Number of protein chains: 2
Amino acid sequence: MSLPHMSESTEMYLKAMAELGDHPVAIARLAERLGVTPVSANEMMRRLGEQGLVTHTPYKGVTLTEKGREAAANVLRRQRLWEVFLFEHLKIEWAKIYEFACSLEHATAPEVTEALAAFLGNPKVCPRGNPIPDANGGFEPLGGRSLRETAVGKTVRVRAVNATATDVLKYLQDKGILPGQTLKVLEAAPLDGPLTLSVNGKEVALGLSMAEFVIVE
Amino acid sequence: MSLPHMSESTEMYLKAMAELGDHPVAIARLAERLGVTPVSANEMMRRLGEQGLVTHTPYKGVTLTEKGREAAANVLRRQRLWEVFLFEHLKIEWAKIYEFACSLEHATAPEVTEALAAFLGNPKVCPRGNPIPDANGGFEPLGGRSLRETAVGKTVRVRAVNATATDVLKYLQDKGILPGQTLKVLEAAPLDGPLTLSVNGKEVALGLSMAEFVIVE
DNA sequence: TGAAATAATAAGGTCAGCCATAATATTTTT
DNA sequence: AAAAATATTATGGCTGACCTTATTATTTCA
């Protein structure tokens with residue numbers, strides 16, 4: 001409660017960058033994920049750059065600075081702790097917790113964050129399977145690889161779902177593609193076409209951009 | 001998740017009006033409570049008037065319309081449910097829960113509100129002693145009268161504290177003026193000077209503007 | 001009733017975070 | 001290497017919720 005409070009918008013950009021994993025991130029991808037125009041995302045990256053949160057190498061993408069990485073870890077911590085609360089205690093539908101937790105996240109002071117963590121028993125992962133950074137920004141990156149790159153014929157276990165859009169989460173939920181679920185890749189259509197999976201004895205079609213956000217082991 | 005989302009600022013104005021009790025409310029008092037200039041509050045009241053949330057009678061004050069009253073009850077419900085959660089489950093210090101709950105309130109969707117209410121066991125009052133409106137906006141107004149108007153010599157019980165500023169709440173907390181506490185009015189200084197109270201065997205001075213927000217029975 | 005206090009309105013300004021459009025720069029593909 | 005695609009920068013606009021500084025209207029009080 002002293003730092004020049006980070007705006008909601010700033011938090012969303014930092015979070016998106018952290019969620020998109022290893023950098024650098026193309027500004028266009030950020031814009032897409034955040035639902036703004038590339039021009040707006042560019043402007044914002046200039047502002048974040050001035051604040052020392054990101055580094056922008058034109059035509060290459062943006063990278064979180066150490067300061068930015070810490071800030072992002074903080075945001076992710078709040079986000080994911082709320083996800084745990086909403087899912088475990090309020091029994092909110094899995095597909096909706098991301099969106100609801102996102103709103104709450106922006107409104108959460110450090111003192112509340114830590115009290116919440118204690119209340120929840122300091123969980124290490126959120127219901128989507130993503131790790132929860134510790135209070136100091138410590139963060140074991142999520143291992144495993146994307147379902148997108150999984151060879152046809154392999155049987156894998158879903159470790160985490162990195163999607164954030166409610167409709168995408170809803171689709172995955174309906175098809176049973178949730179953390180812990182075992183599934184098999186039956187087919188990969190040519191021309192970057194969808195994967196066909198076997199989940200719980202049912203065949204499920206999954207586009208590559210969705211498969212990208214399913215982390216398996 | 002469908003209505004043209006009410007801005008945070010709008011919610012603050014509605015909440016302040018509801019908290020200030022029976023109407024009409026002078027715009028200057030609203031401005032004071034919200035920490036904005038009277039001119040800004042005036043502008044805002046024009047906007048809320050256009051949205052049909054308040055009625056403004058120039059030189060008399062503003063009143064919530066039925067629509068405004070319902071919206072305000074909704075805001076108060078969220079606010080006070082979060083207060084219960086923060087106090088009962090997260091063990092946040094009493095004086096701070098209002099402020100923290102206020103941030104969370106703005107970020108809470110109806111579905112989350114109702115799940116939270118169920119989780120908390122549908123409490124009827126918040127830790128400050130104020131009633132929690134039901135899901136339909138139903139609201140039994142807080143009985144009792146202000147400590148300000150309590151006769152010298154009387155012994156009363158604190159039913160609720162209607163203050164919202166953290167420093168004020170902190171002062172009351174430090175002096176033990178909390179819901180359920182019994183206290184006696186020892187003296188009322190002239191010229192609208194402070195009250196002297198006996199609380200827990202200690203003498204406590206309390207200015208009238210603070211006493212105003214202590215509801216007793 | 002006239003002065004003082006209070007309330008309302010008007011006019012113009014700021015700021016963050018968006019937008020669109022257009023021009024320019026770079027990279028990728030053919 | 002030229003064409004196409006993508007990224008960046010420039011310019012100008014918009015909105016909500018504030019602000020300040022007048023000016024005007026009304027109410028309250030001596």
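Nothing here was measured: the structure is a model prediction, and the numbers come from that model. First the proteins, then the strands, lettered A, B, ... as listed; each starts at 1.
- The pair A:Lys154-A:Glu149 does not count as a salt bridge, with every side-chain nitrogen at least 4.0 angstrom from each carboxylate oxygen.
- With B:Glu105 as the partner, the salt bridge (Lys or Arg N to Asp or Glu O under 4.0 Å) test is satisfied by one option alone out of B:Arg77, B:Arg78, B:Arg80: B:Arg78.
- A close approach under 4.0 Å does occur between a side-chain nitrogen or oxygen of B:Ser7 and OP1 or OP2 of D:dA17.
- Under the side-chain contact (heavy atoms from CB on, under 4.5 Å) test applied with B:Asn130, the options B:Ile215, B:Val125, B:Val161, B:Asn162 reduce to a single match, B:Asn162.
- Counting 5' to 3', DNA chain C first comes under 4.0 angstrom of a heavy atom of chain B and last does so at the ends given by C:dA7 to C:dA10.
- Heavy-atom distances under 4.0 Å link DNA chain D to A:Val39, A:Asn42 of residues 32-51 of chain A, given in residue order.
- Put simply, CD1 on A:Ile27 is 9 Å from P on D:dA7, counting in whole angstrom units.
- In this structure, the separation between OG1 on B:Thr108 and CZ on A:Phe100 is 10.0 Å, given to the nearest 0.5 Å.
- Ionic pairing of A:Arg69 and A:Glu66 is present here: one or more N-O contacts between side-chain nitrogen and carboxylate oxygen are shorter than 4.0 angstrom.
- No donor-acceptor pair closer than 3.5 Å links the side chain of B:Glu99 to the backbone N or O of B:Thr166.
- Nearest approach of A:Met12 to A:Leu34, heavy atoms of both residues: O-CD2, 3.7 Å.
- Between B:Pro58 and A:Lys60, the one whose closest nucleotide on DNA chain C sits nearer the 5' end is B:Pro58.
- Heavy-atom contacts from other residues, nucleotides or ligands closer than 6.0 Å to CZ of B:Arg29 number 12 or fewer.
- Here the C1' atom of nucleotide D:dC18 and the CG atom of B:Leu30 are 16 Å apart, to the nearest Å.
- Taking atom CD of residue B:Glu8 and atom P of nucleotide D:dT15, one finds them 21 Å apart after rounding to whole Å.
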